[in-house]
*Asks:* 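A single structure is presented below for examination.
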Amino acid sequence: ETGVTQTPRHLVMGMTNKKSLKCEQHLGHNAMYWYKQSAKKPLELMFVYNFKEQTENNSVPSRFSPECPNSSHLFLHLHTLQPEDSALYLCASSQEIGKTYEQYFGPGTRLTVT
Amino acid sequence: AQKVTQAQTEISVVEKEDVTLDCVYETRDTTYYLFWYKQPPSGELVFLIRRNSFDEQNEISGRYSWNFQKSTSSFNFTITASQVVDSAVYFCALSEALYNFNKFYFGSGTKLNVKP
């Protein structure tokens, strides 16, 4: 596979469930990002990892827990979510932080919290 | 205040028409980068172009062209002879040296509908 992949593509979960989103990049990049895209709002940066280290947490509630075991994989663990957390969650990667590289995005996971 | 403003929420054109998508940005930094991305219905944002703050030359790539004007803090995107496949949401984004280019600030997007 090439580019940035995300699984699952669609997820429906109840407020008491625990689930995880997975992102994998095949571009040899060292930086990875999670974004939240809600209807009629700009993309919101959630977390940034550079060489597996978290460099940015954009005041995200603790019910979202990221994990980056290596530069190719990024997870977003979800627990006790709220209906307002329903959104498209996008993963992206870039060559590394601190340089002006464009980000490459995956297709996203459409999350619905019931 | 929003750093990137895309005032056009939605635009509809008929195929073969030219269309310009507006982007206005705000920054105090002298070194910054601007980007355009396309998001088709499949959801994946596709990178289109990157432009740095020191290069105000306009750029043309096929039917796409970009007009960067620092004097008006604008980075507009024109599609010439639009096609149905151009239908998508287009996002403008900014990254700044101040934040070590760590953050991308995205506009709210402009939805382009190209009708046959």
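When reading the values below, keep in mind they use all heavy atoms of this one structure, side chains included, and skip hydrogens, waters and symmetry mates. This one's a predicted model, so the numbers in the text were calculated from it and none came from an experiment.
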*Asks:* In this structure, are over 12 heavy atoms from other groups packed under 6.0 Å from B:Lys38 atom NZ?
*Replies:*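 Above 12, so yes.
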*Asks:* Applying the 4.5 Å side-chain criterion to the ILVMFWY set and letting contacts propagate, would B:Phe106 and A:Leu45 be lumped into a single cluster?
*Replies:*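 In one cluster with B:Phe106: A:Leu45, yes.
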*Asks:* Can you get from B:Tyr25 to B:Phe77 by hopping between Ile, Leu, Val, Met, Phe, Trp and Tyr side chains that sit under 4.5 Å apart?
*Replies:*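 As far as the 4.5 Å side-chain criterion goes, B:Phe77 and B:Tyr25 are connected within one cluster.
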*Asks:* Using links of under 4.5 Å between side-chain heavy atoms of ILVMFWY residues, direct or through other members, which residues join B:Ile60 in one cluster?
*Replies:*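 Other cluster members: none.
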*Asks:* Taking the six-membered ring for Trp, are B:Phe104 and A:Tyr35 ring centroids under 6.0 Å apart?
*Replies:*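 No, they do not, as the ring centres are separated by 6.0 Å or more.
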*Asks:* Check whether A:Arg9 gets within reach of chain B through its side chain, its backbone, both or neither, counting any heavy atom under 4.5 Å.
*Replies:*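 The side chain, not the backbone.
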*Asks:* Sub-4.5 Å heavy-atom contacts with chain B: which residues of residues 78-91 of chain A show up?
*Replies:*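 The stretch touches chain B at A:Leu88, A:Leu90.
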*Asks:* What are the two closest non-hydrogen atoms of B:Tyr37 and A:Gln103, and how far apart are they?
*Replies:*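 The pair with the smallest heavy-atom distance is OH-O, 2.7 Å.
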*Asks:* Looking at every non-hydrogen atom in both residues, tell me the closest pair between B:Phe91 and A:Leu43 and how far apart they are.
*Replies:*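 Looking at all heavy atoms of both residues, the closest pair is CE2-CD1, 3.8 Å.
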*Asks:* Under 4.5 Å from any heavy atom of chain A, what part of B:Gln6 do you find: side chain, backbone, both or neither?
*Replies:*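 B:Gln6 has no heavy atom closer than 4.5 Å to chain A.
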*Asks:* Under 4.5 Å between side-chain heavy atoms, counting indirect links through other Ile/Leu/Val/Met/Phe/Trp/Tyr residues: same cluster for B:Trp66 and B:Ile11 or not?
*Replies:*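 Yes, because B:Trp66 and B:Ile11 connect within a single hydrophobic cluster, where side-chain heavy atoms sit under 4.5 Å apart.
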*Asks:* Are B:Ile79 and B:Val13 co-members of a hydrophobic cluster defined by side-chain heavy atoms under 4.5 Å apart?
*Replies:*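 Yes; tracing contacts between hydrophobic side chains, which count when under 4.5 Å, links both residues.
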*Asks:* Find the one option among A:Glu44, A:Gln37, A:Lys41 whose heavy-atom pairs under 4.5 Å with chain B are most numerous.
*Replies:*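 Between A:Glu44, A:Gln37, A:Lys41, the count favours A:Gln37.
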*Asks:* If you look at every heavy atom in A:Pro42 and B:Ser108, which pair is closest and at what distance?
*Replies:*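 Closest approach of A:Pro42 to B:Ser108: CG-OG, 3.6 Å.
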*Asks:* Quick check: is B:Val4 connected to B:Phe68 through a chain of hydrophobic side chains (ILVMFWY, heavy atoms under 4.5 Å apart)?
*Replies:*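 As far as the 4.5 Å side-chain criterion goes, B:Val4 and B:Phe68 are connected within one cluster.
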*Asks:* Verify the neighbour count for atom NZ of B:Lys70: are there more than 12 heavy atoms of other residues, nucleotides or ligands below 6.0 Å?
*Replies:*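 More than 12 within 6.0 Å, yes.
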